[in-house]
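Bear in mind that the values here come from a model prediction, so they are computed numbers and not experimental data. In this chain, numbering begins with 1 at the start of the sequence shown.
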Amino acid sequence: MVRKKVPEWLNSTMWSTPPPSSYDDGLLRHSPVTKMKEEAESISVAPRLNSAPPPSSNTSVPSPSHRPRNGNSISGGSGEYGHSVGPSAEDFSRQAHVSAELSKKVINMKELRSLALQSLPDSPGIRSTVWKLLLGYLPPERSLWSTELKQKRSQYKHYKDELLTSPSEITWKMVRSKGFDNYDLKSESRCMLARSRITDEDHPLSLGKASIWNTYFQDTETIEQIDRDVKRTHPDIPFFSGESSFARSNQESMKNILLVFAKLNQGIRYVQGMNEILAPIFYVFRNDPDEDSSSHAEADAFFCFVELLSGFRDFYCQQLDNSVVGIRSAITRLSQLVRKHDEELWRHLEITTKVNPQFYAFRWITLLLTQEFSFFDSLHIWDALLSDPEGPLESLLGICCAMLVLVRRRLIAGDFTSNMKLLQHYPTTNISHLLYVANKLRSKMLV
């Protein structure tokens, strides 16, 4: 069989990120290959949620918009996310172009997608508005925004009132609706209802399918899981964690969104990792400088979260793992993409060193790369994901392929152990450069 020639441009040194010396030391830790293989083969089909994001210091000097940022955007700093690095001339130019497009009466979505493809500027309010447009939450016609927002926010309030109200409150409402408004609450029976006024469906011990209490107790496990996951979402960023009232308020909003989603989607309910998908959306919307938008971040984030997850929801359904719409199908597509662009790299990984792409790509794909880069770099990656008219998955697979291409020299030189460590702890890189490589690879596919 004739081996496919590697494109010359892939061998250029500009595609390889030189490893930091400290990272090399980590790769050289003595760990038997057989032990590593056993660990890899025992990897469960579940995202690793407790892993902290890699350090945000880039190996190459990035543009200001890609440098590490202070996560506490509310407490100070300049710019949308509180970083103090001044914007460059390129940032000003991009901001002017995006602002001009957003100011039109009817926004040209094709142009907006093109502007977002190489990431958006970190300017107040821009990313929040653009993401709502890219996710279809806002229509291109600006004149319709007010009506659409009012309707959707009212709908979310209705969801919360219907789904998050405690059974005791529901019971009291039902009693009052049946004409017991003047029910005499004696001191010894205050806050208690007579047994004759409680139906079987309203009784806390009822096991009936129509029982609100039975449903409540069944939801307890989901509520506890959501609570645990939300509390450990980005513990290094004050916006998400800490004892401040602001952090606790943000956690409550995220828990509300995830619980409403779980109750409305009984087929998949809540799956670990969904909190990581919600985090960037809620963070961006909550940090919108417009007070009205910021105060309705919970409602806006809910609908955008639902829209984004609609393209990936089958990945969270275990029964569909092996189907054409399941997660393993997506991983297979990534493998085929790598083989098409660089057969030498594909052969070395999957044939020579036996690195199954599921060992690293499962987390990359199901968590949309939120765990592979710093939180603020992932926002720029999401700009590109959301700008794809064919849906985020196509861009996601392209970026995953580009990630492998950027470290191909180290992968080609590595064995199973070193390659597994490299791909499970992807080195920091310049995000603009990564997106450029992904776009270049994709353009090769269209030729």
Visitor: Who are the side chain to side chain contact (heavy atoms under 4.5 Å, CB included) partners of Asn439, not counting sequence neighbours?
Guide: Leu117, Gln118
Visitor: Can you sort out the partners of Ser249 under side chain to side chain donor-acceptor pair (under 3.5 Å), two or more places apart, ordered by chain and number?
Guide: none
Visitor: Salt bridge between Arg269 and Asp219, side-chain N to carboxylate O under 4.0 Å?
Guide: yes
Visitor: Please identify each residue that fulfils side chain to side chain contact (heavy atoms under 4.5 Å, CB included) with Val306, with sequence neighbours left out.
Guide: Phe261, Phe302
Visitor: Are any of the side-chain nitrogens in Arg333 or Glu394 under 4.0 Å away from the carboxylate oxygens of its partner?
Guide: yes
Visitor: Look up atom OG1 in Thr366 and atom CD1 in Ile277, then write down how far apart they are to the nearest 0.5 Å.
Guide: 7.0 Å
Visitor: With sequence neighbours excluded, what pairs up with Arg153 under the salt bridge (charged side-chain N to carboxylate O under 4.0 Å, His left out) test?
Guide: Asp292, Asp300
Visitor: Suppose we screen for side chain to side chain donor-acceptor pair (under 3.5 Å). Which residues come up paired with Asn108, at least two apart in sequence or across chains?
Guide: none
Visitor: Restricting to salt bridge (charged side-chain N to carboxylate O under 4.0 Å, His left out), what partner residues turn up for Arg228, sequence neighbours left out?
Guide: none
Visitor: Restricting to side chain to side chain donor-acceptor pair (under 3.5 Å), what partner residues turn up for Glu111, sequence neighbours left out?
Guide: none
Visitor: What residues form a salt bridge (charged side-chain N to carboxylate O under 4.0 Å, His left out) with Lys152, not counting sequence neighbours?
Guide: none
Visitor: Report the residues that fulfil salt bridge (charged side-chain N to carboxylate O under 4.0 Å, His left out) with Glu291, sequence neighbours left out, ordered by chain and then residue number.
Guide: none
Visitor: Could you pull out all residues at least two apart from Gln151 that satisfy side chain to side chain contact (heavy atoms under 4.5 Å, CB included)?
Guide: none
Visitor: Please check if any side-chain donor atom of Arg94 sits under 3.5 Å from a side-chain acceptor atom of Ser119, or the reverse.
Guide: yes
Visitor: I'd like to know if the side chain of Ser123 pairs up with that of Gln95 as donor and acceptor (distance under 3.5 Å, no hydrogens or angles considered).
Guide: yes
Visitor: Could you note down all residue pairs passing ring-ring contact (aromatic ring centres under 6.0 Å, His included) where residues 104-133 supplies at least one of them, sequence neighbours left out?
Guide: Trp131-Trp382
Visitor: Under the rule for side chain to side chain contact (heavy atoms under 4.5 Å, CB included), what residues qualify as partners of Ser253, not counting sequence neighbours?
Guide: Phe282, Glu298
Visitor: Charged N to carboxylate O below 4.0 Å: is that the case for Glu372 and Arg363?
Guide: yes
Visitor: Tell me which one of Glu343, Glu350, Glu344 satisfies side-chain hydrogen bond (donor to acceptor under 3.5 Å, both in side chains) with Arg347.
Guide: Glu343
